[in-house]
Structures are given as C-alpha cells and as structure tokens.
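Structure first, commentary second.
Just so it is clear: chains get the letters A, B, ... in the order the sequence lines come, proteins before strands, and each one is counted from 1.
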Amino acid sequence: MALLQIAEPGASAAPHEHRLAVGIDLGTTNSLVATVRSGMSVVLNDVQGRPLLPSVVAYAADGSVEVGYGAEARQSVDPKNTIVSVKRFMGRGRHDIAHIETLPYDFVDTNGMVKLKTIAGIKSPVEISAEILKTMRNRAEASLGGELTGAVITVPAYFDDAQRQATKDAARLAGINVLRLLNEPTAAAIAYGLDNSAEGIYAVFDLGGGTFDISILRLSKGVFEVMATGGDSALGGDDFDHRVFCWIIEQAKTAPLSLQDARLLQTRAREAKEQLSQHGQVPITVKLGSGEYVDLTLTTEMFKDISRTLVQKTIAPTKKALRDAGLTVADVRGVVMVGGSTRMPQIQHAVAELFKQEPLNNLDPEKVVALGAATQANLLAGNRAAGDDWLLLDVIPLSLGLETMGGLVEKVIPRNSTIPIARAQEFTTFKDGQTAMSIQVVQGERELVSDCRSLARFELRGIPPMVAGAARIRVTFQVDADGLLSVTAREQTTGHEARIEVKPSYGLSDDEIAGMLRDSFSHAGDDAFRRALREAQVEAQRLIEATQSALQDDADLLSTLERAHIDEAMTRLQHAMGGEDRRLIDQAMHTLSAATNEFAARRMNQSVQRALAGRNVNQLSL
Amino acid sequence: MTTFDLNFAADHFTLFGLAQAQALDQESLDNSFRAIQSRVHPDKHAHASEADQRLAMQWATRINEAYQTLKSPGRRGRYLLQLLGHDPQIESNTAMPAEFLINQMELREAVEDARSAANEDALDVVRVRLLNEIKADYERLASLIDVDRDLDTAANLVRQLMFQEKLLNEIDDALEAVTA
C-alpha cells in the first residue's frame, strides 16, 4: 500500500488538480454537454463532430438502447418504442400532458408520474432521460479523458418541484453527481453576461422545443440577480409543429392515419416549420403508407396565422414577469434570445414589438445554455480562476404554501423570492382537543388547493389538547440554493416537532431509485461497495482540503487548544482514508466537522464584517 | 474604524451598515447586499466543510430576508416601526379613515369593471394611478418617521399601504387573467 502523505500543519496542500466538470443542457428536442477548457466554455462534440444529441431514445426487443441520431432515424419505423420529447413527461401525470391522444406511446396507468410500455419493458420518464444523460456523460468522459467530478444540469426556470426532482433523479440514475440544477435562462444570462461584460437589466426569452421561460435579470459588478421569472412549462416548438401537423391533415383531408404515417407527417411538419425561418414558403409533399399523397404549400402568412395564439401565450408571461420585477419595457437594456424556437420570424417580431427593440441574437441560441452551465459547473467544482469572481442569485418560480381550512392556500413563500430563503408562519387548531394536524404543502399561484400542485403531506402529532385556536403551530419553509424545499412544523408550547424533506408526490421514492440503480449494476459484482468507499474517500479529501485552506487563511481566530483539537481530528481522518473501512472514514469526518463548527462560525462573521469594512462609516453617522 | 455589531442577530439596518431610518439610499443597500452575499452565498463555499456550507446557507437566507424587507418601503416601514416599539398590528387593527376606504372602493370597482370587460388598457390606467398614490404615501411615511417622529400616524399609514399593495397584487392578477 502506498504511504499516506500528511501535509505539515498550516502548510498549504498541493495545488488543486483541475476537476472535470460539465454543464448539460437536457433539452426537449436536443441535448448538449459543455465544459470549460483553458478558461473558455466549449461544447463537446461527438466522434463525428456533431454538437447536438437528439433527445430521442429507442428501445429494441433484445433490451438494447439507442440514443440520438440513430434513434431519431427509427422514429417513423417504430414510433411506439422510440421516445421523443420525454422531457414533457418528467414529473407529470397523465392528465397533465397536452395532446396525449395524438402520441403513439402505450401509457401505463399509474398514480404518479406517467410510465411508458415499450418492447424492452415499462420505462419511466426518469429512466428514459437517464439514458440521454448517460450518453452525455460518456461523451464527456471520453472527450476529457477522466471521470467527472460533477455536472450542472439545466432545467426550465418554470419547472416545478416535481419536475426538478425528476431531473435530479435521472442524473442520479445516470451516475452523475449533480453540482446544481440551474435554470436555463439564468445559464444563458451567465454566458451572455460574461461574454459581453453586460451591466444593467436584461430579459432572457427562452423558447425551446417543449418549454417557455422568461427571466428578468439585473447584472451588476459580477452579480447576476434574477428579479423575476415566468413562463409555461408546456409550450414550445413542439406545439408549433403540432399546429402545422393539424393544418396538413385538415387541408389534405387524409383518412385516419396509422402510427407510422402520423409520425411521418409530424416530422414533415417540423421540417416545414424550420424551413420557414429562411424561406417565404415551403412545399410539403409526402407519400403515405396508405398510398395517399399529400401535396401542399405552407406560406409564412399561413403559418403565422395558425400559430398566432401560441405566440400570444409567450407574451402574457413576459408582461407578468416585468410587473413582478416592478419594471417596464423601457428599463430593459437588452433581450437575449435562447432556444431553437426563437428562430421563428413571428417570435422575433413579437419580441421586438413588445420590448420596442431588436432582440439580441449574437450567441448561438442552441448552445448558450450549455455554455453557461459549464461555467457554473467549473466554479462549483472548485476550479475558480482569478477572474471568476461572479455570483448568481436565483429565485423560486412558483409560490409555496399550505392548505388551510376549506381547501384554501395560504402562501408562505411568494414566487420570485431570492433563494436560499426561509419563512415561518403560525397556524392553530380548528377543533377543541385536537391533537394532530395534517399539513399539506402546495406549489402554485391559485387560491384553491385543487388548482395548485400538491408537493407533500405530513402529520404533526402530539399537540397537547387545548381549546380550538389556542395551540400555536409554527410551520417553517426552507428553500436551499438548489431550489429544494424542506418543511418543519413545531408546536410552540411543548416544542413537539415534525420535519420532512419534501419529496413531491410525483417523484420517485428512494427505494425505486435504489432498485433501478441495482438493476443497472446487476452485472457489476462488488462495484457498488467500491464506489461507496471511493465516494467516502473523495469526500474526506475534500473536507481535509477545505479545513487546511481555512486554517491557512484564518488560523488566528483559534486558540492553541482549539487548533490542536482540529489538527488531531484531521490526522485521524487522513489515517482512516487510507483504509477500506467506510464507517471509520464517516466517523472521522464527523469528528473533524464537529471540531471545526465554531471556527466556521467565526470565519463567517469575520467575512461579513470585511464585506462592509470601510464603506459604512459615513452612512452610520446619518 | 467604527465598529458595529455585525452578528447574525443584528437588526436588518445594522446588518447592511445603514442608519435606522425610513429614508434609505437604495444604491447603498443594493451594494451592501451584493458585497455580503458575494461572501456568504453557498456557491462561494461549495468546496468548504459541511459546517461552512450550513452556515453559508443560514447567512445567505438571513441576508436575503433582510434585503427583501428593506427593499420594499412598505415592509421597511412596518419593520422599522416594530423596531421602534410601534408595531402597526396589521392583523388586529383594521380601522381606516372613511376617505381612504371610499377611494379604495372606487379603485376596486374600476378594476372589476376592467376585468370583466377584459380591458387591459383600463387596468393599466388604474395600476399607474395606484402606483402614484403608493409612491406619494412612501414619501409621506419617510417624513412622518424620520422628521416628524409621529409614529402613530406612521403606523396608520403603514396599514393603509398594506391595503394598497394588496390591491396592486389583485390588479396584477386581473392583468394576467386578461392577457392570458
């Protein structure tokens, strides 16, 4: 066994190696992966030099899976087993999905998230998305020549808790360590802002294949502050395709279509839409499997006409986001266009008309999200360079609240609150002698619980019997920097407490994930054990590095005794790391963490003092 | 250097190095907010120990809450009055001057009419009128607290502002319903 290296106390550890981190744009239509190379954000191409990966997954009878262009080519041959736009199903129940009757898949009836019956078995959208993420991970690891430390994965800003949780689960299933879920328009703003040293108020208009987001940001001295966000998590290029598809059927008066013909026409509809971004009109000529011929011409005017209401659906949330930010269009310095669907001329015109300025199209709308995510991943992985001193402050897209009597919602944290955030609210009992309370956590803007999405339900028991209205139940919501919620309820007179990490009703349970992981490791023998040990070792190394660097900066905040205590705990952990006993490593990590608690608090206080040093003296004498 | 108590439990004004006053220099507040958040935010401690990360989250949460409170003049006034021992008692005290109530009723009717007629422009007109009224009240509030030290009248005004801000939200909801 190699001898362990122990750094001299107080001396700096070896310089950090560059950690491999990527940004992944998991899109409805296409996915991309990017990384920071020599200070530059770049998209990683596949071996054929193609940057995009079509977000299409095809299952075969022998259980094999194909992802990307190969799968895309199969969609008109085998539509049932070739899943496109799976992002639309993430964290969604059957009734949530628009035009579900026109989709060629066999949906399985379940209580929570929809599942699809394929030739290779029943698949959840999480598993299907994990196939796309695995492909992205393999591409990244092959191209970077090593294992990934972690990834930032982007989600539409308007994704709710269930959709975010599903995305995180998919990443876990693909063996990816998620550094952060990052909102797509925010990722684009980072890429644009850093590229152009932009300052001021910017709007990011992001119309993708299946989702629409609008975010209003203030860029100032390296701080990206999201002021408001809005959108529609079920509106995108797919809907424009669907309008063209319906128009073709209506015009051509076709007989009822086979699944293959329907898929063929949907593909033609999309191609026609894309061509209209460059041409005034396009011919649509198709020979169907039924022997029928379709021979039509779609003009820009006609396309504009049939998609008018869809364009309008992007304008209302945009106006709302501006109102929420307390701004008018005159305050907006620039509008950054993101997502392939913003190439449509009618979208460009509508945006220009609303904001009274030409939108900014100088970044590739398809790559900008992945590029921004890569920058954030690089930072969170600890590869901070000298010029990287920027900070991102994001918001929650939807209000969080509780059900009160009569099915009404009491909002606890309003939408567009900057995260992390915590809010507490007091509630009381409804009946005399009531000893338990059921707490339902909801997300959404409407006043009735039935119109919002239920995230979780839990019970607080052991309330001392009192007359109605006498008990004081304090419910605290805490949303962390990832946008994930935890809720605590506490009876004030007895201190009785109930706590829950919110797992949305439509998410997967930990058992389900564990089962899926087990399936994917079924040939791997003691891989799982090795993996867990290695993860613990990496964690331990991270903790030691963090402690060493803290000691290097602020050792003067510690007494000799405190210092000796920390040094000892650190040496213990270094020894434990060399062995194969995972429990011992965990224990030693715990001891070191406990020994540095007070030190951390002092460092943070000092840091806040320094932030304000020299700037406030005048204001204080007011 | 002037020292001041910048610990976790400090009041919002002290936290940002500002005087306890209703009139406030927005730019100083913004700058202090960004300066502190740039140091305490969890992203800046992504590779620190668990203890550091937990503290970073608590601090960032604390700073966000303080900033949200001070940024809005209505919430700032309510908070400042509480600090000064004059809680406006929003929940329990609902007495309002008749003149104010009549004006509110007129505005509410205008909103209702515009909403049922799906008239976006009319809603915008009411919104601008209300925004101007709110803005004038903000200025009055600052002089009541900072100059006249008339905290009772200030508390009444804060209660009225809560009404007006609620109506503003309702107008925004109506605008959303009309434009959707």
At a heavy-atom distance under 4.5 Å, which candidate from Gln68(B), Arg127(B), Arg54(B) has the highest pair count against chain A?
Arg127(B)

Part of Ala56(B) lying under 4.5 Å from any heavy atom of chain A:
both

Once you round to the nearest 0.5 Å, how far does CD of Gln609(A) lie from CD1 of Ile36(B)?
9.5 Å

How long is the straight-line distance from OG1 of Thr418(A) back to CD1 of Ile63(B), given to the nearest 0.5 Å?
12.5 Å

Side chain, backbone, both or neither of Ile419(A) within contact of chain B (heavy atoms, under 4.5 Å)
backbone

Part of Ser417(A) within contact of chain B (heavy atom distance under 4.5 Å):
neither

Are more than 12 heavy atoms from other residues, nucleotides or ligands located less than 6.0 Å from atom CD of Gln26(B)?
yes

Taking side chain as C-beta onward, heavy atoms only, is Arg603(A) less than 4.5 Å from Leu55(B)?
no

Find the one option among Glu225(A), Glu445(A), Met589(A) whose heavy-atom pairs under 4.5 Å with chain B are most numerous.
Glu225(A)

Using side chain to side chain contact (heavy atoms under 4.5 Å, CB included), reason through Arg34(B) and Leu391(A) one step at a time and then give a plain yes or no.
CA-CA 9 Å; Arg34(B) 289 190 208 117; Leu391(A) 176 70; over 6 Å; no

Test log, rule side chain to side chain contact (heavy atoms under 4.5 Å, CB included), inputs Asp30(B) and Arg218(A):
CA-CA 11 Å; Asp30(B) 291 348; Arg218(A) 179 163 62 175; 3.3 Å; yes

Lys319(A) versus chain B, the contacting section by heavy-atom distance below 4.5 Å:
side chain

Side chain, backbone, both or neither: which part of Glu65(B) has a heavy atom under 4.5 Å from chain A?
side chain

Measuring from atom CG of Asp173(B) to atom NZ of Lys320(A), what distance do you get when rounded to the nearest 0.5 angstrom?
8.0 Å

Spacing of CZ belonging to Phe33(B) relative to CG belonging to Leu393(A), to within rounding of 0.5 Å
5.0 Å

Counting only heavy atoms not in Phe163(B) (residues, nucleotides, ligands), do more than 12 fall under 6.0 Å from its CZ?
no

Do Gln58(B) and Pro420(A) have side chains that approach each other closer than 4.5 Å (heavy atoms only, starting at C-beta)?
no

CD-CG distance between Gln37(B) and Leu392(A), expressed to the nearest 0.5 angstrom:
11.0 Å

Flag, side chain of Asn597(A) to backbone of Ala51(B), donor-acceptor distance under 3.5 Å
no

Given the rule in the side chain to side chain contact (heavy atoms under 4.5 Å, CB included) test, do Asn605(A) and Trp59(B) qualify, once you have shown the distances and angles that lead to the verdict?
CA-CA 9 Å; Asn605(A) 278 352; Trp59(B) 264 103; 3.2 Å; yes

Does the side chain of Leu175(B) reach to within under 4.5 Å of the side chain of Arg323(A), using non-hydrogen atoms?
yes

Heavy-atom proximity to chain A below 4.5 Å, by part of Tyr67(B)
side chain

Would you find more than 12 non-hydrogen atoms of other residues, nucleotides or ligands less than 6.0 Å from Arg446(A) atom CZ?
no

Could you check whether any side-chain heavy atom of Leu379(A) comes within less than 4.5 Å of a side-chain heavy atom of Asp43(B), counting everything from C-beta outward?
no

Return the NZ to CG distance between Lys44(B) and Leu380(A), rounded to the nearest 0.5 Å.
10.5 Å

